[in-house]
Amino acid sequence: MHGELIEIAVSCPVDSVGRAEAHGCQGDRTQLHGAIAHTAEDTYTQLPPDQAILARRILLRLITPGQGAQDTRRPVHRTELDTGNPAGTTAVLDRLARARLVTLDDTTVDLAHEALITAWPRLRTWIQEDRERLRFHRQLTDAAKTWESLERDQGALYRGTRLAIAEEQLAGPEHYEDLTELERSFLTASTTAHDQEQRATARTTRRLRQFTAALSVLLVLALVAGLVAWQQYGASEQQRQKAVAAQQVLLSRQLAAQSATLVGSTPDLASLLAVHAYRTEPTTEATASLYTAAALPLQRRLTGHTSKVASVAFSPDGRTLASGSYDSTVRLWDAATSKTRTILTIPGSVWSVAFSPDGRTLATALDSTVQLLNVATGKARATLTLGTGLVASVAFSPDGRTLAVGSKDGTVRLWDPKTGKARTTLTGHTGNVTSAAFSPDGHTLATGSDDGTVRLWIVDSGKPRATFTGHAATVTSVAFSPDGRTLASGSYDSTMRLWDPETGKARATLTLGTGVVTSAAFSPDGRTLASTSDDKTVRLWDPKTGKTRATLTGHTNAVTSAAFSPDGRTLASTSDDKTVRLWDVSVRKPRVTVSSPALVESVAFRADGHPLVTASDDRSVLLWDPETGEARTTHVGRTEAVNAVAFSPDGHTLATGSDDDTVRLWNAHTSKTHAILAGHTEAVNAVAFSPDGHTLATSSYDDTVRLWNAHTGKSHAILRHTNFASVTFSLTFSPSGRTLAAPDGVFGKVRLWDVPTGKTRTTVTSPAYVHSVAFSPDGRTLATSSDDHTLRLWDVTTGKTKATIPSPSGNIRAVAFSPDGRTLATSADTTVRLLDVATGKNRATLTGHEDIVEGLTFSPDGRVLLTNSRDGTVRLWGVALPSTAALIRKICHAVHRDLTQEERSIYLPGQQPRQVCPS
């Protein structure tokens with residue numbers, strides 16, 4: 001019996017206070033806890049004395065004692081449990097695992113269930129007796145691991161008060177067996193360092209006394225002694241400053257690592273830790289965490305409600321946001337500034353809010369009435385009383401002449417908002433009508449109900465039109481797409497269904513996996529469907545494919561509703577956590593889009609950024625104005641497709657390579673050809689000028705790379721490859737101009753040629769086809785993109801790999817460094833990503849191209865990125881990185897809070913309290 005209850009305890013999910021949540025797991029908690037305690041006590045008392053001591057030590061290792069909060073379990077690595085008796089530890093773990101008190105895997109040990117902490121009196125007593133020592137022991141464990149990760153750096157050792165407490169709490173012989181070998185070494189090293197510092201201080205003191213005595217005898221000796229003492233003090237002070245600096249760096253990196261760990265689950269806390277990490281010390285890790293936090297979609301966290309927030313709606317002009325709460329208020333927010341405009345007191349909990357199409361009236365559902373409020377004055381224009389049933393939902397028709405009110409008595413009433421009179425009552429649902437939505441043309445009303453059905457009604461006649469079945473539980477929400485061709489319904493069965501309103505057929509079923517759907521809303525362009533859930537998330541779906549585009553996390557309780565702003569750039573969500581959140585759901589758009597009449601094969605900027613040039617397969621070479629996207633000049637004269645184009649560094653010459661096996665040099669100002677370079681025997685597919693403009697490199701399908709004098713047009717070197725054939729070539733000079741990098745294509749090799757001699761300096765080998773290569777501005781790093789979905793960074797001097805960065809969206813076609821070397825742009829399929837070179841992490845994602853992106857080019861100032869795609873367009877994107885100060889302002893504005901006392905005690909123990917985001 002006890003074993004069965006323990007198995008139930010292990011398998012049943014529980015909430016934060018140990019209450020069983022899953023259906024079928026709501027049995028007698030007292031019996032369950034009693035079984036756990038009985039099993040634990042039996043197991044413990046049957047252990048031999050030496051193993052009982054080990055069991056106590058192991059179980060306390062698996063617990064994090066709370067400070068102003070509950071005690072929680074703490075998964076640990078097996079090595080942390082080895083305190084000098086591995087055989088005994090293994091035996092005890094086996095006994096505990098057989099009793100289902102702990103769970104084991106290859107590397108980790110964890111309590112089988114949180115309830116063990118509260119259910120077993122003996123364990124509670126142990127924790128209570130040693131609470132302070134256990135809390136400090138956890139801190140010692142973390143400090144020892146950090147010390148080890150920093151190669152046992154002296155700056156990471158305990159000093160001062162912490163060392164004194166550690167020696168008092170943990171250094172005695174009675175606690176020796178409680179510590180791991182690493183913890184003992186850390187404590188010993190700290191004590192040794194402290195003793196050394198004490199001895200050094202004592203020596204300094206003795207010398208000062210000697211100098212003081214000598215002062216009465218000889219002034220000169222006293223001056224010399226003072227000078228020596230001052231030098232020693234200076235050295236000591238320098239060491240102290242170095243130690244403080246090392247501790248700051250350590251803390252910064254630690255906070256950045258914690259931010260990275262938490263960003264997916266608790267993004268608000270992760271963002272605050274990122275800011276604190278950067279302000280502690282602007283390490284590379286802290287900077288990366290700052291960019292990651294700033295890239296989160298949260299725009300603003302709105303606080304003010306004192307109870308659950310049930311509903312939210314944007315005014316038709318997008319300037320006002322209304323939120324209704326169980327605290328008997330409706331708040332009207334300025335959508336631009338996120339400030340509260342008006343607080344309207346309502347006589348009851350607000351279940352639903354809806355703006356009229358003209359934005360002058362706000363309908364609020366509460367108890368058995370609906371209040372129509374004047375948005376400008378906040379006064380009630382009318383009160384609609386149902387008589388029977390409680391109001392669950394409200395919705396205005398597109399023309400504003402009808403208000404649909406769904407009731408918990410299973411009916412839907414259609415009211416005239418002007419007269420306040422009910423026009424008709426729609427009956428048919430057998431349960432609470434949870435939601436209502438009008439079709440865009442206003443002729444059809446969709447309703448969802450506790451009876452698990454979706455019903456369509458003809459608005460003019462009030463007659464039922466269709467009933468959709470398929471959900472296995474309450475239908476919580478219905479929403480029409482803007483074109484009226486799709487109806488979305490969300491349900492407690494953890495699915496959303498997309499219906500064809502004309503045929504009644506389900507087009508798709510979207511499954512959440514966890515949580516139930518509490519509401520659904522289409523974006524104004526119909527390309528995105530948002531769903532909210534009691535699992536604290538908002539999901540954004542592609543209604544065409546049924547795939548999840550993004551999951552928005554941050555709410556700390558069930559999310560109850562969501563609404564898009566009229567421009568579709570912002571999504572508002574409400575939650576039982578008493579907050580409203582505004583999310584940035586806009587897609588980053590290019591500054592300019594150039595539509596070419598043919599497939600663009602190559603693009604380039606002139607040195608001053610004006611103009612840009614494109615080469616196309618229709619034999620054209622076009623100069624464009626990057627500000628307007630208008631074509632300025634057309635270079636003609638080619639007889640075949642133009643595959644490659646490049647400006648000389650001074651901007652006076654334009655080089656083009658073509659399928660006619662030639663390279664042409666043009667006057668960029670007059671569009672006249674001043675040289676035709678012949679020598680290749682097949683199509684030319686890449687051209688590149690050296691940084692000084694004296695040399696032009698070209699590659700061809702004839703398996704050669706040629707070096708030409710860019711002024712005379714004479715070929716002065718031919719570089720041959722064993723197999724130099726590839727559909728897309730890439731040639732790039734190092735910043736010094738002495739090295740030329742060129743890929744061998746299918747063999748995955750990239751050769752680095754010495755330009756003056758024409759000899760191979762080194763070869764780097766990728767395991768897959770290499771599409772593109774690029775040198776960093778300092779010439780020390782070479783980036784290669786390949787068909788194994790990977791970007792690689794190579795050390796140019798050694799030829800060794802410095803970093804390998806996987807692509808989440810396919811083979812990487814192109815790669816380019818920003819002029820300052822901080823950002824690396826990559827393209828994979830239709831997506832362009834901007835990566836932080838130092839950390840390899842994604843800073844921004846650019847989407848919009850409808851076919852593969854073939855090329856990337858930064859403007860000379862690095863503020864614009866040029867992309868060309870097989871979809872026939874060239875796009876110019878603003879990619880200037882904001883300053884870290886701007887990032888911090890954005891984060892603090894969005895999160896709109898500071899670290900709590902509990903968060904400080906966990907992540908900043910012993911640190912002086914200071915505001916992360918000063919108001």
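Since we're looking at a predicted model, the values are computed, not measured.
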Subject >> Leu876 CG to Leu866 CG distance, which is reported to the nearest 0.5 Å >> reply: 5.0 Å
Subject >> Sidechain N-carboxylate O distance under 4.0 Å for Arg897, Glu903 >> reply: yes
Subject >> Worked check of salt bridge (Lys or Arg N to Asp or Glu O under 4.0 Å) between Arg507 and Asp500 >> reply: CA-CA 7 Å; Arg507 289 176 175 163; Asp500 185 327; 3.2 Å; yes
Original post:
Is Thr763 close to Leu752 at the side-chain level, that is, under 4.5 Å between some pair of heavy atoms?
Top reply: no
Original post:
In terms of heavy-atom contacts, does CZ of Arg549 have more than 12 from other residues, nucleotides or ligands at under 6.0 Å?
Top reply: yes
**OP:** Using atom types as modelled and distance alone, determine if a side-chain donor or acceptor of Asn868 lies under 3.5 Å from a backbone N or O of Gly855.
**Re:** yes
Subject >> Asp851 backbone acceptor or donor facing Ser869 side chain under 3.5 Å >> reply: yes
Original post:
For the residue pair Trp541 and Thr511, what are the closest heavy atoms and their distance?
Top reply: CH2-O, 3.5 Å
Original post:
Within a strict 4.5 Å, meaning less than it, do heavy atoms of the Asp105 and Thr107 side chains meet?
Top reply: yes
**OP:** Go through Ser786 and His771 one step at a time and tell me if the side chain to side chain donor-acceptor pair (under 3.5 Å) criterion holds.
**Re:** CA-CA 6 Å; Ser786 58; His771 283 281; over 6 Å; no
Original post:
Looking only at atom types and distance, does a side-chain atom of Ser827 sit under 3.5 Å from a main-chain N or O of Val853, one as donor and one as acceptor?
Top reply: yes
Original post:
Short question: side chain of Arg527, backbone of Lys544 - any donor-acceptor pair under 3.5 Å?
Top reply: no
**OP:** Mark yes or no for whether His77, through its side chain, and Thr79, through its backbone, hold a donor-acceptor pair below 3.5 Å.
**Re:** yes
**OP:** Using modelled atom types only, decide if a donor and an acceptor are shared between the side chain of Ser491 and the backbone of Asp493 within a distance under 3.5 Å.
**Re:** yes
Subject >> Flag if over 12 foreign heavy atoms under 6.0 Å of NE2, His896 >> reply: no
Subject >> Test side chain to side chain donor-acceptor pair (under 3.5 Å) applied to His555 and Thr574, Thr537, Asp577, the passing residue >> reply: Asp577
Original post:
When you look at Thr762 and Val796, which way does the side chain to side chain contact (heavy atoms under 4.5 Å, CB included) test go after all the steps?
Top reply: CA-CA 9 Å; Thr762 187; Val796 174; over 6 Å; no
**OP:** Grab the two heavy atoms, one from Asp820 and one from Pro777, that are nearest each other, plus how far apart they are.
**Re:** C-CG, 4.2 Å
**OP:** Identify the heavy atoms of Leu824 and Val837 that sit nearest to each other, and give their distance.
**Re:** N-CG2, 3.8 Å
Subject >> Check: Asp534 side chain, Val516 main-chain N or O, donor-acceptor pair, under 3.5 Å >> reply: yes
Original post:
Do side-chain atoms of Ser734 reach the backbone of Gly779 as a donor and acceptor pair under 3.5 angstrom?
Top reply: no
Original post:
If you measure from CZ on Arg792 to NZ on Lys802, what distance do you get to the nearest 0.5 Å?
Top reply: 15.5 Å
Original post:
Does the side chain of Thr839 reach to within under 4.5 Å of the side chain of Thr284, using non-hydrogen atoms?
Top reply: yes
**OP:** Over all heavy atoms of both residues, which pair between Phe858 and Ala816 is shortest? Give the atoms and the distance, please.
**Re:** CE1-O, 3.4 Å
Original post:
Thinking salt bridges, do Asp542 and Lys547 make one under a 4.0 Å N-O criterion?
Top reply: no
Subject >> Nearest heavy atoms of Trp583 and Ser573, plus distance in Å >> reply: NE1-OG, 2.8 Å
Original post:
Does the side chain to side chain donor-acceptor pair (under 3.5 Å) test come out yes or no for Thr781 and Trp794, once each step is laid out?
Top reply: CA-CA 6 Å; Thr781 303; Trp794 307 84; over 6 Å; no
Original post:
With side chains defined as the heavy atoms from C-beta onward, is the minimum distance between Thr830 and Thr847 less than 4.5 Å?
Top reply: no
**OP:** Would you indicate whether the side-chain heavy atoms of Leu791 and Val815 approach each other to under 4.5 Å?
**Re:** yes
Subject >> Test item: Asp788 side-chain N/O and Ala768 main-chain N/O as donor-acceptor pair under 3.5 Å >> reply: no
Original post:
Near Glu148 CD, under 6.0 Å, is it more than 12 heavy atoms from other residues, nucleotides or ligands?
Top reply: yes
Subject >> Gap between atom CG of Leu571 and atom CG of Asp584 - 0.5 Å precision >> reply: 10.5 Å
Subject >> Within-4.5 Å side-chain heavy-atom neighbours: Leu881 and Arg843 >> reply: yes
Original post:
Would Tyr278 and His276 count as a close aromatic pair, with their ring centres under 6.0 Å?
Top reply: no
Original post:
Got a second to check how far Thr486's OG1 is from Arg497's CZ, nearest 0.5 Å?
Top reply: 15.0 Å
Original post:
What is the distance from atom CD1 of Ile891 to atom CG of Leu272, rounded to the nearest 0.5 Å?
Top reply: 8.5 Å
Original post:
If you count the non-hydrogen atoms of other residues, nucleotides and ligands that lie under 6.0 Å from OH in Tyr291, is the total more than 12?
Top reply: yes
Original post:
Out of curiosity, Thr266 OG1 to Gln258 CD, how far, rounded to the nearest 0.5 Å?
Top reply: 10.5 Å
**OP:** For the pair Thr873 and His849, evaluate side chain to side chain contact (heavy atoms under 4.5 Å, CB included) and give the outcome as yes or no after the intermediate values.
**Re:** CA-CA 8 Å; Thr873 67; His849 281 295; 3.2 Å; yes
**OP:** Would you indicate whether the side-chain heavy atoms of Thr280 and Leu255 approach each other to under 4.5 Å?
**Re:** yes
**OP:** Apply side chain to side chain contact (heavy atoms under 4.5 Å, CB included) to Arg870 and Arg813, showing your working.
**Re:** CA-CA 12 Å; Arg870 291 183 187 176; Arg813 306 284 299 187; 3.1 Å; yes
Original post:
Within a reach of under 6.0 Å around NZ of Lys890, are more than 12 heavy atoms found that belong to other residues, nucleotides or ligands?
Top reply: yes
Original post:
Any side-chain heavy atom of Leu846 sitting closer than 4.5 Å to one from Val879?
Top reply: yes
Subject >> Sidechain-backbone polar pair: Ser575 side chain, Asn557 backbone, donor-acceptor under 3.5 Å >> reply: yes
**OP:** List the atom of Val517, the atom of Thr476, and the distance in Å for their closest heavy-atom pair.
**Re:** O-OG1, 2.6 Å
Original post:
Hey, mind stepping through Val263 and Thr553 against side chain to side chain contact (heavy atoms under 4.5 Å, CB included) and telling me if it holds?
Top reply: CA-CA 9 Å; Val263 73; Thr553 58; over 6 Å; no
**OP:** Applying side chain to side chain donor-acceptor pair (under 3.5 Å), name anything that partners Ser289, two or more places apart in sequence or on another chain.
**Re:** none
